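The chain is numbered in sequence order, starting from 1. Values in this document were obtained by computation on a predicted structure and should not be read as measured data.
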Amino acid sequence: SIRKFSQKILRILKINNSYIEIYIINAKTINKMKKKFLHSNKPATVLSFENSGFPYPQTDKKPLGEIYLNRNIFGRNDWPKFLIHGILHLLGYDHRQKNDILKMENLEKKLWDKIS
C-alpha cells in the first residue's frame, strides 16, 4: 500500500517520528494546483508541499508535508518512483541546478534499488 511504502522510505532515510499526508487526485485537479502554486502549465504526476506550520491534528509525530499524486500513474508500475520523488522534495531536495538534479536522481535510484 502507499502508506506502507512511504513509511518504508522514511525508515530507510532514517526519518523518525514524522508523517506525510498523501492525496490521490485526478489529472485536472493536480494540473490546476501546479498552475496556481508553481505557475507552470506542464502536466503533473506528483506535487509536494512542505509543512507550512499549519497546525495538524494532535499527534506526537512531525508533519513533513503533503504529497499529491496524479491518479493516472497508478495504471503503471512506476508510481513508487513518483512517491519517492515527492518525499525527497519534502526533505529539501530539488532539481533547479544540474548538481541538485544529479544528487536527487542518485538518491532516488539508491532508494529504488533498496526496495525493489
Can you confirm whether I20 sits close enough to L90 that some side-chain heavy atom of one is under 4.5 Å from a side-chain heavy atom of the other? yes
Quick one, I115 and I84 - any side-chain contact, counting heavy atoms below 4.5 Å? yes
With heavy-atom distances below 4.5 Å as the criterion, would you say the side chains of L64 and I87 are in contact? no
Looking at N77, I'd like to know if its CG atom is crowded, meaning that more than 12 non-hydrogen atoms belonging to other residues, nucleotides or ligands lie closer than 6.0 Å. no
Are there over 12 heavy-atom neighbours, none belonging to Y93, within less than 6.0 Å of that residue's OH? no
Please report the closest heavy-atom contact between S18 and K61, naming both atoms and the distance. O-CD, 4.0 Å
So, the side chain of N31 versus the backbone of N41: is there a donor-acceptor pair under 3.5 Å, distance only? no
CD-OG distance between E21 and S6, expressed to the nearest 0.5 angstrom: 11.5 Å
Decide whether L88 and I22 are clustered together by the hydrophobic rule: side chain heavy atoms of Ile, Leu, Val, Met, Phe, Trp, Tyr closer than 4.5 Å, transitively. yes
Parallel, tilted or perpendicular: which describes the rings of F49 and Y68, with under 30° parallel and over 60° perpendicular? perpendicular
Indicate yes or no: at least one non-hydrogen side-chain atom of K109 is less than 4.5 angstrom from one of E105. no
Say whether L38 and Y23 are linked into one hydrophobic cluster, either directly or through other cluster members, by side-chain heavy-atom distances under 4.5 angstrom. yes
Please confirm whether the backbone N or O of I73 pairs with a side-chain atom of N70, one donor and one acceptor, at under 3.5 Å? no
Side chains of W112 and D78: closer than 4.5 Å at any heavy-atom pair? no
With a 4.5 Å heavy-atom cut-off, do F82 and I67 have their side chains touching? no
Under a single-linkage definition using a 4.5 Å side-chain heavy-atom cutoff for Ile, Leu, Val, Met, Phe, Trp and Tyr, are L10 and L107 assigned to the same hydrophobic cluster? yes
Shared ILVMFWY cluster between L91 and I9, side chains joined below 4.5 angstrom? yes
Can you find a pair of side-chain heavy atoms, one from D100 and one from H95, that are under 4.5 Å apart? no
Would you say E108 and H85 make side-chain contact, with heavy atoms under 4.5 Å? yes
How about N99: does its CG atom have over 12 heavy atoms from other parts shown lying under 6.0 Å from it? no
